[in-house]
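One structure below.
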Amino acid sequence: MTINIYNSLNRSKEPFETLEPGRVKMYVCGPTVYDSCHIGHARSVIVFDVIYRYLTAVGYDVTYVRNFTDIDDKIINRSNELGVSPESLAEKYIDEFHHDMDALNVLRPTLEPRATDHIDHIIRIIEILMDKKYAYASDGDVFFSVDLFKGYGKLSGRKLDDMVAGARVDVDQRKKNPFDFVLWKASKPNEPFWDSPWGKGRPGWHIECSAMSEDYLGASFDIHGGGKDLIFPHHENEIAQSEAAFGKTFVRFWIHNGFVNINHEKMSKSLGNFLMIKDIVKEYHPEAIRLFLLSHHYRSPVDFTDQAIKNVASGLDKIYALLDRAEKYLGSLPDVNSNYHKDVIASQKDFWVLFCDAMNDDFNTAQGIGVLFDAVRSLNRLLDQLDQSDQTNETDQTNQSDDIQNRQIIHNECLNILKMGDILGLLTVSPGAYFQQKKESVITKKSFDAEMIEAMIQERQDARKAKDFKKADEVRDRLKEMNIEIEDRPEGTIWKVLS
RNA sequence: GGCGGCAUAGCCAAGUGGUAAGGCAACGGCCUGCAAAGCCGCUAUUCUCCAGUUCGAAUCUGGAUGCCGCCUCCA
């Protein structure tokens, strides 16, 4: 089995090979903790969450590091505005980040280091760069000299000569080249600072990632990820610093996710259209948000609209409804938490293998979700057939052995579906809990009374028994207006909330 | 100005040389008192347009048009 990954460094898909057999070392740029997380953060975090889950599931021992940038101009500015310390501001948003991501079923990485815990390490790397003459100091600031690093521009495809210096920003006159960037920044009065050989100051933005990745993963590691916007200058500068300091290839595979638009527009401060995670999880099921984000390839842009996510939510209902059917047939659903990576190599092309084929092709979750729905349809079809034969056949010996066989098939197919869900971070609750949760949310939101709904359903049942179908249909129409749909099942009438 | 990306049905979206997955929506059928759910069928002779390479192109090349991102310590 080979996983092909699109490597931003070479702009092509390449077979994934690790530095150490069976081990993956992965670093993903985490948030600067000065504000609440929005849907764009969610996408990045979820994309790499799925990559982490998949690599682990197929048997890799993955060390996944995702940092917090907890010292930075934006944090300082914000804390000044609010009159709180930068530390407490960072702490607050780290808590909120965890809270949001937990709500979205995101697994915690192996390590979540913070920049401020690595100041000594940062200073050491800057000293190495000073010794090697890649860096120069000026008035307490330290800059990296891009002209001296031969590979500068190799990730972003930029050539220093082609770039218009200072096209959009004033050039700092102390820089030897306008694209030189800050490694260490002298602190102004009333700003947080650490002592350094160049005076009191704080790290530049890019150097922290070089320090933390080296600390936990070494000077050379397998995967580095982040949003597309980080390619230049952040990741370009990380490469320059790390490779200049340590003399080794920094990262083998660079993975960058695309952006989220809101109603065809970029999220921006001026438009005021930032969609915060804490707000959308109130409106939509967290798994609907995941399914929505993962139904697009991770490198493509995603356009978030109410209609789009509602459509996806209908699809999620469909999967849970199937699981509900299967659970009733089997008595209980298979346990997906059992160790399953060993059976990845299947003798035939079952849905799990097809799903893995999709994932192996640059983590193509959109295609994988297609396979998931194929599996759902296939299992529904089988259950339909069994329902029909139940009605026509009497029990005899052959039926009993068929029954055992059918249960086995349904169990396996169901397990495949749950395994796919496990990789995508979906289908993590029981079908009963899922539909119950939807009911409760509509009851709370619209202040409906569950007992009232039950009473209406009973009213309709009574009317049906009396063959008063006109009245029965009226009751059903009234429920429909309340966004509630009923289903007459063999075991009784149930109701559910429309997405 | 430099660099990069995208354009596939009513909508969303896979597919990167071998004859168009999947979801949502619509319509027809089975089922049902009628519905709903589920299943079956139907829905792009065709992938923005033009030219080229090829036995063969949504996929490769050149050009046109449209949209978007980065070059601002924005995921």
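Keep in mind that the numbers below use all heavy atoms, side chains included, and drop hydrogens, waters and symmetry copies. Per chain, numbering begins at 1; letters A, B, ... match sequence-line order.
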| What nucleic acid atoms does A:Arg381 come within less than 4.0 Å of, heavy atoms only: base, sugar-phosphate, or nothing? | sugar-phosphate
| said: Stacking between A:Phe469 and B:G33, defined as ring centres under 5.5 angstrom apart with planes under 30°, is that present or not? | reply: yes
| query | Taking the P atom of each, how far is B:U16 from B:U48, in whole Å? | reply | 15 Å
| Rounded distance in Å - OH (A:Tyr152) to P (B:C3) | 17 Å
| note | From the candidates B:A35, B:C24, B:C70, the one with an atom nearest any side-chain atom of A:Arg158 is B:C70
| message | What is the distance, to the nearest angstrom, from the CH2 atom on A:Trp254 to the P atom on B:A75? | response | 16 Å
| How is A:Lys465 classified with respect to the nucleic acid when contacts are heavy atoms under 4.0 Å: base, sugar-phosphate, or nothing? | nothing
| field | Selected nucleotide, minimal atom distance to A:Glu487 side chain, candidates B:G33, B:G38, B:A36 | value | B:A36
| said: B:A36, OP1 or OP2 - any side-chain N/O from A:Lys480 closer than 4.0 Å? | reply: no
| message | Regarding A:Glu485, tell me which of base, sugar-phosphate or nothing describes its non-hydrogen contacts under 4.0 Å with the strands shown. | response | sugar-phosphate
| Side chain of A:Arg377, base of B:C39: donor and acceptor closer than 3.5 Å? | no
| task | I would like to know whether A:Asp374 and A:Arg377 meet salt bridge (charged side-chain N to carboxylate O under 4.0 Å, His left out); could you show each step before the answer? | result | CA-CA 5 Å; A:Asp374 281 338; A:Arg377 176 152 33 78; 3.0 Å; yes
| task | Determine the interatomic distance between C1' on B:G15 and the same-named atom on B:A7; round to the nearest Å. | result | 15 Å
| said: Is it the case that B:C73 (base atoms only) and A:Asn77 (side chain only) share a donor and an acceptor within less than 3.5 Å, ignoring hydrogens and angles? | reply: no
| task | Look at all strands and tell whether A:Asp473 reaches a base, only sugar-phosphate, or nothing, counting heavy atoms closer than 4.0 Å. | result | base
| Counting any heavy atom closer than 4.0 Å, what does A:Arg66 reach on the DNA or RNA strands: base, sugar-phosphate only, or nothing? | nothing
| message | In this structure, how many angstroms lie between the P atom of B:U72 and the NZ atom of A:Lys266, rounded? | response | 13 Å
| message | Which heavy atom of A:Tyr64 sits nearest to which heavy atom of A:Asp49, and what is that distance? | response | OH-N, 4.5 Å
| request: Identify the two heavy atoms, one from A:Leu424 and one from A:Leu294, that lie closest to each other, and give their separation to 0.1 Å. | output: O-CD1, 3.5 Å
| task | In sequence, state the C-alpha distance, the side-chain angles, and the governing distance for A:Asn237 and A:Gln241, and then conclude on side chain to side chain donor-acceptor pair (under 3.5 Å). | result | CA-CA 6 Å; A:Asn237 292 352; A:Gln241 294 161 345; over 6 Å; no
| field | Separation of B:C73 P from A:Asp72 CG (nearest whole Å) | value | 10 Å
| field | Residue matched to B:A57 through Watson-Crick or wobble contacts both under 3.5 angstrom | value | none
| query | Which one is paired to B:U45, where only Watson-Crick or G-U wobble pairs with both distances under 3.5 angstrom count? | reply | none
| task | Kindly point out which of B:G15, B:C71, B:C39 is positioned nearest to the side chain of A:Asn364? | result | B:G15
| query | More 5' along RNA chain B: A:Ile486 or A:Gly227, using each one's nearest nucleotide? | reply | A:Ile486
| query | Salt bridge check: are A:Asp384 and A:Arg325 linked by an N-O gap of less than 4.0 Å? | reply | yes
| message | Please identify which of these residues, A:Lys496, A:Lys438, A:Lys310, meets the salt bridge (Lys or Arg N to Asp or Glu O under 4.0 Å) condition with A:Asp317. | response | A:Lys438
| task | Nearest whole angstrom, please: distance from the C1' of B:G4 to the CZ of A:Arg11. | result | 8 Å
| query | To the nearest Å, how far apart are A:Lys467 NZ and B:A35 P? | reply | 16 Å
| Can you tell which of B:C24, B:C34, B:C73 lies closest to the side chain of A:Arg476? | B:C34
| Do any side-chain nitrogens or oxygens of A:Ser300 fall under 4.0 Å of OP1 or OP2 in B:A14? | yes
| Nucleotide of B:G33, B:A75, B:A14 approaching A:Gln367 most closely (side-chain heavy atoms) | B:A14
| query | For A:Arg464, which contact category applies under a 4.0 Å heavy-atom criterion: base, sugar-phosphate, or nothing? | reply | base
| Pairwise P distance for B:C47 and B:U8, with rounding to whole Å | 12 Å
| said: Do A:Arg299 and A:Tyr6 form a cation-pi contact, if we require the NZ or CZ to be under 6.0 Å from the six-membered ring centre and within 45 degrees of the ring's axis? | reply: yes
| task | Quick one: label A:Phe373 by what it contacts on the DNA or RNA (base, sugar-phosphate, nothing), any heavy atom closer than 4.0 Å. | result | sugar-phosphate
| request: Describe the nucleic acid contact of A:Asp488 in one word from base, sugar-phosphate, nothing, applying a heavy-atom distance below 4.0 Å. | output: base
| message | Categorize A:Asn380 for me: base, sugar-phosphate, or nothing, with a 4.0 angstrom heavy-atom threshold over every strand shown. | response | sugar-phosphate
| Touch check for A:Ala366, heavy atoms < 4.0 angstrom, all strands: base, sugar-phosphate only, or nothing? | base
| said: I want to verify a distance call: between B:G38, B:U72, B:C12, whose nearest atom is closest to the A:His296 side chain? | reply: B:C12
| said: Can you check the distance between B:G23 and B:A14, where both ends of the measurement are the P atom (answer in whole Å)? | reply: 15 Å
| field | Sugar-phosphate, base or nothing in reach of A:Arg489, heavy atoms under 4.0 Å | value | nothing
| query | Starting at CD of A:Glu236 and ending at C1' of B:C71, how long is that distance when rounded to a whole Å? | reply | 12 Å
| field | Value rounded to 0.5 Å, distance of SG in A:Cys29 from CE in A:Met212 | value | 8.5 Å
| Hey, which of these two, A:His297 or A:Lys496, hits RNA chain B nearer its 5' end, going by closest nucleotide? | A:His297
| Once you round it to whole Å, what is the distance between C1' of B:G23 and CG of A:Leu294? | 14 Å
| Is A:Leu230 touching bases, backbone alone, or none of the nucleic acid, heavy atoms closer than 4.0 Å? | sugar-phosphate
| message | Distance criterion of 3.5 Å, no angle test: do you see the side chain of A:Asp229 paired donor-to-acceptor with the base of B:G69? | response | no
| note | Any strand, both distances under 3.5 Å, Watson-Crick or G-U wobble: B:U32 pairs with none
| task | Could you check whether A:Val260 gets within reach of a base, just the sugar-phosphate, or nothing at all, counting any heavy atom under 4.0 Å? | result | base
| said: Measuring centre to centre across the rings, with the benzene-like ring taken for any Trp, is A:Phe68 within less than 6.0 Å of A:Phe97? | reply: yes
| Identified pairing partner of B:G69, criterion: Watson-Crick or G-U wobble below 3.5 Å | B:C3
